[in-house]
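Since the structure comes first, as structure tokens, the remarks are kept for the end.
Values reported hereafter were calculated over all heavy atoms of this structure, with side chains retained and with hydrogens, waters and symmetry mates removed. This one's a predicted model, so the numbers in the text were calculated from it and none came from an experiment. Every chain is numbered from 1 and lettered A, B, ... according to where its sequence line falls, protein lines coming before strand lines.
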Amino acid sequence: MSTNSMSDPRRPNKVLRYKPPPSESNPALDDPTPDYMNLLGMIFSMCGLMLKLKWCAWVAVYCSFISFANSRSSEDTKQMMSSFMLSISAVVMSYLQNPQPMTPPW
Amino acid sequence: MGQGHRELPERPPAERRPDQARASPEQFRPRAVTSSSQQPPPASSCPGAGRRGAQARTGRTLCAMKTLPAFCVVLLVLWSVSEAKFDDFEDEEDIVEYDDNDFAEFEDVTEDPAPESPQRVVTTEDDEDEATVELEGQSENQEGDFEDADAPEGDTENEPYDDEEFEGYEDKPDTTSSKNKDPITIVDVPAHLQNSWESYYLEILMVTGLLAYIMNYIIGKNKNSRLAQAWFNTHRELLESNFTLVGDDGTNKEATSTGKLNQENEHIYNLWCSGRVCCEGMLIQLRFLKRQDLLNVLARMMRPVSDQVQIKVTMNDEDMDTYVFAVGTRKALVRLQKEMQDLSEFCSDKPKSGAKYGLPDSLAILSEMGEVTEGMMDAKMVHFLTHYADKIESVHFSDQFSGPKIMQEEGQPLKLPETKRTLLFTFNVPGLGNTYPKDMEALLPLMNMVIYSIDKARKFRLNREGKQKADKNRARVEENFLKLTHVQRQEAAQSRREEKKRAEKERIMNEEDPEKQRRLEEAALRREQKKLEKKQMKMKQIKVKAM
């Protein structure tokens with residue numbers, strides 16, 4: 001357990017504060033999933049809006065959800081929210097322009 | 001059935017577009033039909049139609065005069081379109097208009113419209129005293145029959161028909177219909193006009209998928225949170241007896257224990273402990289699986305992975321001697337040897353089996369020198385490693401720890417990375433993903449091992465030979481590094497000198513006072529001359545030495 005059971009190993013005078021590890025390239029190195037998913041979501045929602053493809057818009061919604069689930073706490077929520085809103089708007093616009101249900105690609 | 005106003009010689013019997021379908025009854029009214037795509041409201045599309053009495057009447061006539069040409073154009077268009085359409089039934093419309101008299105003669109000729117019971121919706125507009133509009137759902141036979149029947153019988157009958165008249169006709173439509181059935185392509189009613197939710201099945205599927213994802217997110221997040229809390233509750237006592245500060249997120253002004261985990265992510269929890277002999281501090285990271293991400297959950301079904309607990313103890317410089325040592329599963333050690341800067345430089349041999357020291361076969365050892373292994377593998381350590389071998393991923397002690405190898409774009413970094421004396425432990429949580437909060441109790445002995453290791457590292461000292469070897473190793477590594485970066489460093493120094501010269505020249509140029517300029521230039525020239533002289537002297541000295 002401790003060095004010897006009699007003395008207390010604790011040293012209040014030797015307390016060091018927690019320093020968060022410097023966020024150089026480590027966050028990106030650790031797990032690039034949220035960034036990729038964010039980018040992918042934006043691309044799909046733009047495709048869905050421009051090319052009027054419903055499935056693109058739905059995939060964009062999924063991508064933004066996945067990005068949110070994998071996000072690090074240090075990441076900006078604004079970025080997340082903006083990609084989410086963009087994908088939702090892509091879906092809504094696709095259906096407003098063409099209310100027909102989605103046809104499966106096969 | 002009412003005849004209605006027959007203002008047209010021929011009315012297109014098959015109107016496919018719903019908007020046109022709605023628009024055509026209105027054609028007979030003196031109303032402003034601006035475009036066929038619009039659906040004029042039943043009451044008043046004309047601006048004057050809303051007024052009452054005489055005003056309304058005058059308004060209406062005015063409207064009629066204005067809209068008459070448009071009305072004619074629309075009729076023409078409709079007629080031509082319907083002619084084209086009537087040739088082959090390839091349209092998608094289901095809402096059609098018929099004057100029932102047009103098809104009265106065909107109604108009994110069709111073979112099985114009755115058993116199929118086509119959807120007939122008779123809509124009559126209340127204030128209309130004209131032709132009734134029939135909306136019929138299209139069935140194959142009907143369409144075929146209509147097309148066939150139209151050709152031989154072009155004119156419409158105004159009177160109700162006699163059964164006897166059509167006795168001979170029963171075969172004819174059959175044969176013709178059978179002949180002409182092939183080229184007919186019946187198109188399905190477009191889905192969004194069907195008024196049924198079933199046609200939107202893909203959308204419903206998507207939304208269900210999203211809901212499932214959200215549910216999994218909530219469940220996964222909660223599970224991770226419960227596991228983290230269970231771990232902390234189990235280990236709290238041990239940690240608090242060993243460290244003054246348990247739990248710190250670095251934001252408080254004073255160094256007080258927060259007494260709780262620091263949540264970095266939905267699946268990563270940190271805990272910083274400090275205030276003990278020998279070590280600066282200990283960072284514990286609970287790296288759980290991404291239970292909140294459904295994709296990850298599905299991927300894990302293919303390839304099971306464990307939750308991990310990573311502990312990093314930063315030692316004081318005086319409390320640890322200089323050595324690099326690692327023990328763990330063979331796979332983990334191979335990976336670490338490739339990734340970690342210190343292991344790759346100091347432990348060049350392959351991981352050796354630890355059977356000599358009584359370790360199970362699953363564990364291997366990487367060491368800088370044999371003496372370190374001998375010193376580290378004392379009885380208690382072996383006991384820990386043997387008993388909890390399934391939970392140990394890797395144990396790494398190093399005085400030259402600087403993290404994983406950094407790949408820089410320019411090649412080698414110019415400086416040796418900063419090193420810190422560190423003890424690293426990676427433990428696997430039992431359960432291989434299917435972990436329960438009570439499994440966290442199994443990790444408590446491992447924390448005991450960590451505490452023991454801290455004290456052991458402090459006590460363990462290399463003997464003289466070992467120390468010499470260690471120093472030689474470190475000097476060798478440094479030299480290698482310097483050699484590799486020699487060229488880069490020279491280039492860097494050269495560029496720095498050029499920068500300085502340029503900066504000085506700029507300063508001289510920017511001096512407004514011409515006198516000062518001249519003086520600065522002279523000073524720069526003198527410095528250059530001195531440098532040249534120095535170089536010449538050096539060259540002479542070298543030549544003399546060589547001789």
Item to complete: Quick one: sort the A:Phe65 and B:Tyr213 rings into parallel, tilted or perpendicular, breaks at 30° and 60°.
Response: perpendicular
Chain A shares the most heavy-atom pairs under 4.5 Å, among B:Leu210, B:Asn265, B:Leu245, with B:Leu210
One option among B:Asn252, B:Ile454, B:Val207, B:Ile268 has the most heavy-atom pairs under 4.5 Å with chain A, and it is B:Asn252
Without swapping roles, check the side chain of B:Glu203 against the backbone of A:Met102 for a donor-acceptor pair under 3.5 Å.
-> yes
Polar side-chain atom of B:Ser274 near backbone of A:Leu16 as donor-acceptor pair, under 3.5 Å
yes
Rounded to the nearest 0.5 Å, the CG atom of B:Asn242 sits from the CZ atom of A:Arg11 at a distance of 11.0 Å
Taking atom [atom1] of [X] as the centre, does the number of heavy atoms from other residues, nucleotides or ligands within less than 6.0 Å exceed 12?
X: A:Lys14; atom1: NZ; result: yes
X: B:Glu418; atom1: CD; result: no
X: B:Lys420; atom1: NZ; result: yes

Determine, for B:Asp248 against A:Lys19, whether the closest basic-nitrogen to carboxylate-oxygen distance falls under 4.0 angstrom. no
The interface call for B:Glu198 against chain A, heavy-atom contacts under 4.5 Å, is neither
Cut-off 4.5 Å, heavy atoms of chain B, and the answer for A:Thr33 is side chain
